[in-house]
Amino acid sequence: QVRPVESEGGLVQAGGSLRLSCTASGSIFSINAMGWYRRAPGKQRELVAAFTSGGSTVYGDSVKGRFTISRDNAKNTLYLQMNSLKPEDTGVYYCRVGLFSWGQGTQVTVSS
């Protein structure tokens with residue numbers, strides 16, 4: 001199993017943008033399923049965006065049209081581009097590579 005490590009999150013004002021990256025300790029070339037999840041304060045972890053094992057791309061309803069997931073196999077890295085950020089996007093963001101390998105999480109805070 002590869003071990004994913006998220007980049008540092010940050011504090012951003014509402015309406016701003018932020019890009020998260022998640023670099024795996026090994027090759028992701030043959031791994032289809034990977035994605036981003038988040039846990040907002042007081043809430044359960046939820047899907048943000050993911051590539052499925054079947055080759056599809058899925059987004060959580062609250063981020064559709066604002067967030068974009070992408071990957072660079074040559075760099076073993078998964079990205080999450082977040083635009084038009086809202087205070088309700090605040091939370092700890094986790095990446096998952098494969099079915100069971102999770103990063104440690106990174107804090108994203110959006111101020112109003």
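Because only heavy atoms are used, hydrogens play no part in the values below, and waters and symmetry mates are left out as well, while side chains stay in. The structure presented is a predicted model; accordingly, all values stated were derived computationally and were not measured. The chain is numbered in sequence order, starting from 1.
With 3.5 Å as the limit, one finds a donor-acceptor pair spanning the side chains of S62 and R38. Side-chain N/O atoms of N83 and S17 include a donor and acceptor closer than 3.5 Å. A donor and an acceptor atom, one from each side chain of R71 and Y79, are nowhere located under 3.5 Å apart.
Applying the side chain to side chain contact (heavy atoms under 4.5 Å, CB included) criterion to V110, with sequence neighbours excluded, gives V12, A14, L85, P87, D89, T90, V108. Residues meeting the side-chain hydrogen bond (donor to acceptor under 3.5 Å, both in side chains) test with S84, sequence neighbours left out: none. Partners of T106 by side chain to side chain contact (heavy atoms under 4.5 Å, CB included), not counting sequence neighbours, listed by chain and number: E6, L20, Y93. With sequence neighbours left out, Y94 forms a ring-ring contact (aromatic ring centres under 6.0 Å, His included) with no residue at all.
Aromatic ring centres of Y37 and W102: separated by under 6.0 Å.
Closest non-hydrogen pair, V48 versus L80, comes out as CG1-CD2, 4.0 Å. Residues G98 and I31 come closest through the heavy atom pair N-CG2, 3.5 Å. Taking both residues in full, the closest heavy atoms of V2 and V97 are given as CG2-CG1, 3.4 Å, listed atom of the first, atom of the second, then distance.
To the nearest 0.5 Å, atoms OG1 (T77) and CE (M34) are separated by 10.0 Å. With rounding to the nearest 0.5 angstrom, the CD1 atom of I69 is 12.5 Å from the CD atom of Q81. To the nearest 0.5 angstrom, Y59 atom OH is 10.5 Å from K64 atom NZ. Rounding to the nearest 0.5 Å gives a distance of 12.0 Å between NZ of K75 and CD1 of I28. One finds the CZ atom of R39 at 12.0 Å from the CD atom of Q107 (value rounded to the nearest 0.5 Å). Here CG of L78 is found 6.5 Å from CZ of F51. Values are rounded to the nearest 0.5 Å.
Residue pairs meeting the side chain to side chain donor-acceptor pair (under 3.5 Å) criterion with at least one member in residues 47-56: none, sequence neighbours excluded. Each disulfide bond (SG atoms under 2.5 Å apart) pair with one or both residues in residues 64-96, not counting sequence neighbours, appears once here: C22-C95.
Of the possible polar contacts, none joining the N76 side chain to the T23 backbone as a donor-acceptor pair under 3.5 Å is found.
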